[in-house]
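The structure appears right after this line, and notes come after that.
In the text below, chain A, chain B and the rest are named by the order of the sequence lines, each starting its count at 1. Quick caveat: nothing in here was measured; it's all calculated off a predicted structure.
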Number of protein chains: 2
Amino acid sequence: MEQFRKVCRENGIKVTPQRLEVFLEILGATDHPSAEEVFRRVRRKLPMISLDTVYRTLTTFDELGLIATLRSLEDRSRFDPNTREHHHVVCTGCKRVMDIFWPEIDALSMPPQVEDWGRVETKHVLLRGTCSTCLLKIESEAD
Amino acid sequence: MEQFRKVCRENGIKVTPQRLEVFLEILGATDHPSAEEVFRRVRRKLPMISLDTVYRTLTTFDELGLIATLRSLEDRSRFDPNTREHHHVVCTGCKRVMDIFWPEIDALSMPPQVEDWGRVETKHVLLRGTCSTCLLKIESEAD
DNA sequence: GTCGTTGCAAAAGTTTTGCACGTTA
DNA sequence: TAACGTGCAAAACTTTTGCAACGAC
């Protein structure tokens with residue numbers, strides 16, 4: 001909690017009761033809650049908090065690297081005619097997606113914790129980064 | 001195209017101009033278009049097609065295994081307090097997500113096609129399957 | 001002719017935003 | 001007190017659904 005105040009100070013954002021409660025709630029969560037679920041839980045302590053504040057707070061925390069957001073390709077589904085096992089790399093700049101074939105990954109056996117968990121049906125790797133075109137663009141903008 | 005008629009016949013769905021055009025368009029696509037983008041392209045050939053038909057058609061094709069849908073965890077974002085590198089397995093039954101630590105994957109170097117592509121910043125593996133609780137439930141329902 | 005499919009419109013669900021007010025630093 | 005952050009309400013956006021008309025088999 002002192003840690004949290006410190007992170008806020010370092011990043012120039014204010015410590016509000018809303019941010020503090022969302023922080024405490026999400027840090028104790030092991031079940032990957034949705035924004036709606038976080039809202040439900042935080043409201044027990046802070047009944048007047050609004051859902052859009054929860055969204056704004058989660059976005060802020062994600063930007064500060066305090067939490068990770070699970071979502072694959074931005075906000076909408078994309079469709080792929082290739083149904084063979086393969087993977088994807090997406091550019092955070094231009095949002096373009098490239099197929100990857102990666103036999104080493106396909107061949108890997110599951111870690112023990114997953115064997116106990118149940119039956120795995122599919123495996124998909126998503127890489128994020130910056131494509132060479134966008135890298136060039138960023139370099140030329142830096143002039 | 002004859003292939004497509006055959007798949008439809010085998011699965012008991014009708015061959016409509018809409019389905020045919022969506023099929024032709026998506027099979028030629030290498031850029032992982034969104035539903036909206038597929039709609040835009042198909043409309044060039046079939047100006048009267050509606051967006052909801054495109055959605056329905058894409059869903060149907062996905063169910064038949066003709067295409068793959070890229071989307072991570074169902075429809076909404078989920079948040080994870082764990083920002084160390086790790087991966088996830090999600091149960092298609094109960095939608096619960098479990099963290100996975102998988103050093104073998106983390107240590108793998110990128111395939112050559114990715115080295116050329118640009119700079120990769122993050123790597124995330126998503127497994128889908130059925131957790132043991134849901135497996136038991138399915139078995140008991142099968143009685 | 002039957003029944004699955006489409007188009008339209010409206011709804012549903014998640015996430016974002018404009019704005020006036022309140023709170024933090 | 002000067003920004004920043006919040007709550008409210010409404011909007012934006014993607015995706016789904018009810019229904020009458022239509023078209024494939």
Side-chain angles (χ1 to χ4, degrees), chain A residues 1-2 4-23 25-26 32-43 45-64 66-67 69-79 95, chain B residues 1-2 4-23 25-26 32-43 45-64 66-67 69-79 95:
Chain A
M1 226 191 81
E2 247 343 286
F4 178 65
R5 290 186 184 284
K6 185 161 162 273
V7 171
C8 287
R9 224 174 300 124
E10 283 170 358
N11 289 280
I13 71 165
K14 293 177 178 171
V15 178
T16 65
Q18 290 88 337
R19 284 185 178 150
L20 191 54
E21 285 305 326
V22 169
F23 179 76
E25 198 57 66
I26 196 123
H32 308 83
S34 63
E36 183 80 39
E37 183 58 33
V38 173
F39 174 56
R40 204 171 306 137
R41 293 178 194 176
V42 171
R43 210 156 38 157
K45 286 280 187 65
L46 230 56
M48 72 297 298
I49 196 174
S50 67
L51 179 56
D52 54 79
T53 295
V54 173
Y55 272 106
R56 276 188 274 233
T57 304
L58 291 170
T59 306
T60 304
F61 288 176
D62 185 278
E63 284 162 3
L64 300 188
L66 288 173
I67 62 172
T69 303
L70 277 65
R71 157 193 295 209
S72 68
L73 300 155
E74 309 320 310
D75 43 9
R76 44 200 191 164
S77 298
R78 285 155 166 263
F79 301 91
K95 316 288 187 207
Chain B
M1 226 190 82
E2 250 340 289
F4 178 64
R5 290 185 185 283
K6 185 161 162 272
V7 172
C8 287
R9 224 174 300 126
E10 284 170 359
N11 289 279
I13 70 164
K14 292 178 180 173
V15 178
T16 65
Q18 289 89 338
R19 283 185 178 148
L20 191 55
E21 285 305 327
V22 170
F23 179 76
E25 199 57 66
I26 197 125
H32 310 81
S34 63
E36 184 79 39
E37 183 58 33
V38 172
F39 174 55
R40 204 172 306 135
R41 294 177 194 178
V42 170
R43 210 156 40 157
K45 287 279 187 69
L46 230 58
M48 72 296 297
I49 196 174
S50 67
L51 179 57
D52 53 80
T53 296
V54 173
Y55 272 107
R56 277 189 273 232
T57 304
L58 290 170
T59 305
T60 305
F61 288 175
D62 186 279
E63 284 163 2
L64 300 187
L66 288 173
I67 62 172
T69 304
L70 277 66
R71 157 193 295 207
S72 70
L73 299 155
E74 308 321 311
D75 42 9
R76 43 198 193 167
S77 297
R78 283 153 167 268
F79 302 91
K95 318 287 187 209

Heavy-atom contacts, protein to nucleotides 3-10 of chain C, under 4.0 Å, summarised as B (base), S (sugar-phosphate only) or - (none) per nt, yield BBSBBBB-

Can a salt bridge be assigned to the pair B:K6 and B:E2 using a cut-off of 4.0 Å between side-chain N and carboxylate O? no

How long is the line joining [atom1] of [X] and [atom2] of [N], in whole Å?
| X | N | atom1 | atom2 | result |
| --- | --- | --- | --- | --- |
| B:D62 | D:dT15 | CG | P | 13 Å |
| B:L58 | D:dT14 | CG | P | 14 Å |
| A:N11 | D:dA3 | CG | P | 20 Å |
| A:E37 | C:dT15 | CD | P | 13 Å |
| B:L51 | D:dC13 | CG | P | 14 Å |
| A:L20 | C:dT24 | CG | P | 12 Å |
| A:E63 | D:dC4 | CD | P | 15 Å |
| A:R78 | D:dT15 | CZ | C1' | 16 Å |

On the nucleotide C:dT15, are OP1 or OP2 found under 4.0 Å from the side-chain N or O atoms that B:S77 carries? yes

I want to check one thing: is the phosphate of D:dT15, taken as OP1 and OP2, less than 4.0 Å away from some side-chain N or O of B:Y55?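 For D:dT15, OP1 or OP2 has a side-chain N or O of B:Y55 closer than 4.0 Å.
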
Has A:R19 got a side-chain atom pairing as donor or acceptor with A:T57's backbone, closer than 3.5 angstrom?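 Pair absent, no side-chain N/O of A:R19 close to backbone of A:T57.
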
I want to confirm an ordering. Mapping B:P17 and B:E36 to their closest nucleotides on DNA chain D, which one lands closer to the 5' end?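 This one resolves to B:E36.
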
Could you tell me how the ring of A:F61 sits relative to the ring of A:F23: parallel (under 30°), tilted (30 to 60°) or perpendicular (over 60°)?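 Taking A:F23 first and then A:F61, their aromatic rings stand perpendicular (interplane angle over 60°).
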
With a 4.5 Å limit on heavy-atom distance, are the side chains of [X] and [Y] in contact?
| X | Y | result |
| --- | --- | --- |
| A:V22 | A:L46 | no |
| B:I49 | B:V54 | yes |
| B:V38 | B:R41 | no |

Sequence neighbours excluded, the answer for side chain to side chain donor-acceptor pair (under 3.5 Å) partners of B:S50 is B:D52, B:T53

